[in-house]
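Throughout, protein chains are lettered first and strands after them, A, B, ... in sequence-line order, and every chain is numbered starting at 1. What you see is a predicted model; the values in this text were computed from it and never measured.
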Amino acid sequence: MASIDIKSEITGTVWQVKAKPGDKVESGDTLIVIESMKMEIPVITEDAGTVTEIRVKAKDPVAEGQVVAVIEG
Amino acid sequence: MSWLPEIEEIHRRRRLAEQCGGAEAVARHHAGGKLTVRERIDRVLDPGSFREVGKLAGRASYGRDGKLAAFEPAPYVMGLGRIDRRPVAIGGEDYTIRAGTGFGSDRRKGGQGGFIEDLAWDYRIPLINLVDGTGGTVNTAKRKGYTVVPGYGQDGFERSVDLMGIVPVVSAVMGTTAGGPSARALLCHWSIMVRGQSQIFAAGPPVVERAFGTKVTKEELGGAKISADTAGTIDNVAESEEDCFRQIRRFLSYLPQNVWELPPQVACDDPVDRCEGALASIVPRSNRQAYNMRRLIDLVVDRDSLFEIQGTFGRAVITGLARMGGRVVGIIANNPMFGGIMDYKAARKQAHFVELADMFNVPLVFFADIPGFMIGPESEANAVLREGVRARYVGLQVGVPVFTVIVRKCYGMAGGGVIDRRGLNFKIAWPSAEWGSLPLEGGVKAAYRREIESAPDPARREREIEEELRQLASPFRTAEAFAVEDLIDPRETRPYLCQFIEALQPRLKSQPGPRLKAGVRP
């Protein structure tokens with residue numbers, strides 16, 4: 001088991017938080033949706049695991065590379 | 001009398017060379033999960049095709065009887081071989097011999113300049129560098145009795161630079177490289193490294209620690225996560241050495257031997273008139289939603305033919321080589337999963353790829369869904385405008401035919417960069433296409449501010465103007481004006497493009513040779 005940082009690939013604001021701590025996620029699942037450049041950009045996990053932390057809430061600004069969630073996988 | 005004793009001596013010395021740095025050094029190298037340079041060369045090339053040159057070069061010492069007492073092979077192995085039956089020049093440092101540092105031969109074998117680069121140059125054949133050397137050593141001064149001026153004489157990059165305009169050059173970073181070998185690795189058309197095994201930097205951890213007092217591991221400093229995924233210094237990442245060799249062979253399969261030839265055409269069993277139903281609904285009706293652009297490309301090009309270049313870097317754009325009807329094309333597609341925006345990384349990636357395709361007579365197909373340049377303070381600080389305009393400048397210098405499939409958004413300055421209006425070059429649009437100098441949302445407020453603010457119900461007036469303009473934005477109106485050359489059923493994309501790509505081959509044949517470019521890039 002390792003802790004995996006899930007980062008936003010793009011600068012924008014949080015549009016929707018789709019996952020919550022305790023959720024089991026699969027590779028390819030969307031955890032958070034970022035709004036950037038008038039687009040809804042999914043933040044996807046490449047690893048399966050359990051969500052341990054969601055570090056943002058709706059309307060929060062996020063920077064490229066910012067850790068928005070952590071999963072234990 | 002015969003020459004058999006001398007002939008036997010040649011064979012004996014060849015066997016000595018095959019021992020690389022000796023059983024112990026080879027075992028240590030293998031224990032690190034790495035293959036020797038000889039094993040690597042054998043695996044990259046067609047079986048049995050390696051014709052080594054300079055196998056007897058090395059440091060010999062002789063006994064009093066004048067017989068060979070000890071032999072250390074030159075730490076560089078190279079020669080001629082074949083990939084898919086086509087000749088290639090290939091070479092690499094032997095890390096098991098003094099970490100692949102130079103050995104001061106009369107004529108350099110390879111690494112920076114040397115016989116192997118002359119071979120690629122003189123015969124106009126691709127060059128493969130298997131880089132696994134640590135660069136210069138301060139010991140050289142001891143050997144020579146003086147220190148050398150960098151970039152002079154045998155160590156120059158003159159030939160390496162010349163090759164960039166003539167034949168495909170591939171660099172594979174196989175181990176940890178710094179200094180000269182790092183720089184040489186970059187002078188190529190395409191590079192690859194092995195995740196977890198390869199690191200590349202200007203200088204390694206001990207030098208960094210001495211300079212800044214900070215401790216970093218070599219993986220943190222120059223592993224694939226930094227060098228490929230973050231910086232784009234190296235193009236592709238392999239999961240293992242075998243994967244690396246497969247990717248090298250695959251990359252070269254799309255390219256001609258040199259700039260005077262056309263890329264090889266392969267037999268195609270995927271019907272050129274294949275119309276995929278999924279293309280009619282792959283783009284969501286909401287222009288805010290993302291979709292899988294990679295899948296879209298896969299549905300259009302020959303089955304399994306897309307080979308991505310820089311797949312982990314600048315992911316807002318997808319660049320790759322593919323085939324349509326067995327003929328090679330260069331694909332550039334905006335990736336809506338990353339907003340499709342042109343940020344500085346995507347711009348840099350696109351400019352490099354366009355130049356690569358143009359150099360080797362590969363026509364270009366853009367799949368456009370681009371809302372514009374990435375905006376904001378961070379993006380401006382990273383010179384998005386300069387990188388973006390450079391991408392457009394490079395795009396307008398190409399000599400190969402260019403097609404643009406406007407899948408969805410095509411806006412503004414960045415949108416202009418996916419379209420080439422010179423000559424025949426044309427664009428076909430899907431019904432989901434929308435374009436303009438900037439998107440309606442936001443644009444209306446800027447252009448009609450006074451009118452909106454003075455209206456009794458400003459919000460309503462804004463919606464009315466937006467609706468009025470939205471109707472004008474229908475792609476059918478633009479098609480009526482022949483301002484977009486065609487509006488097509490997305491399912492027809494493959495047959496449409498395949499037919500034009502077949503027809504343009506005579507044009508490619510008419511313009512072989514080095515690309516001479518004038519001007520200064522912005």
### Task
Report the C-alpha distance between Met337(B) and Ile44(A) in whole Å, list the side-chain angles of each, state the deciding distance to 0.1 Å, and finish with yes or no for side-chain contact (heavy atoms from CB on, under 4.5 Å).
CA-CA 10 Å; Met337(B) 298 301 263; Ile44(A) 289 167; 3.7 Å; yes

### Task
For side-chain contact (heavy atoms from CB on, under 4.5 Å), just list the numbers for Thr11(A) and Met374(B), CA-CA rounded to whole Å, side-chain angles, deciding distance to a tenth of an Å, and then say yes or no.
CA-CA 9 Å; Thr11(A) 301; Met374(B) 184 67 193; 3.8 Å; yes

### Task
Starting from the C-alpha separation in whole Å, work towards a yes-or-no answer on side-chain contact (heavy atoms from CB on, under 4.5 Å) for Glu64(A) and Lys345(B).
CA-CA 12 Å; Glu64(A) 181 189 338; Lys345(B) 290 180 177 180; 3.9 Å; yes

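Residue Ile34(A): no heavy atom, backbone or side chain, is found under 4.5 Å from chain B. Contacts of Asn287(B) with chain A are made by backbone atoms alone, with heavy-atom separations under 4.5 Å and no side-chain atom involved. With a threshold of 4.5 angstrom between heavy atoms, Ser36(A) approaches chain B through side-chain atoms but not through N, CA, C or O.
For OH of Tyr448(B), the number of neighbouring non-hydrogen atoms (other residues, nucleotides, ligands) closer than 6.0 Å is 12 at most. The number of heavy atoms from other shown groups lying within 6.0 Å of NZ (Lys18(A)) does not exceed 12. The 12-atom threshold is not exceeded at CZ of Arg449(B), counting heavy atoms of other residues, nucleotides or ligands nearer than 6.0 Å. Environment of CZ in Arg288(B): crowded, with over 12 heavy atoms of neighbouring residues, nucleotides or ligands closer than 6.0 Å.
Atom-to-atom distance recorded for Gln289(B):CD and Ile41(A):CD1 is 11.5 Å, nearest 0.5 angstrom.
Taking all atoms of both residues into account, the shortest heavy-atom contact from Met39(A) to Pro336(B) is CE-O, 3.7 Å. Met37(A) and Phe373(B) make their closest contact through CE-O, 3.0 Å (heavy atoms, listed as atom of the first residue, atom of the second, distance).
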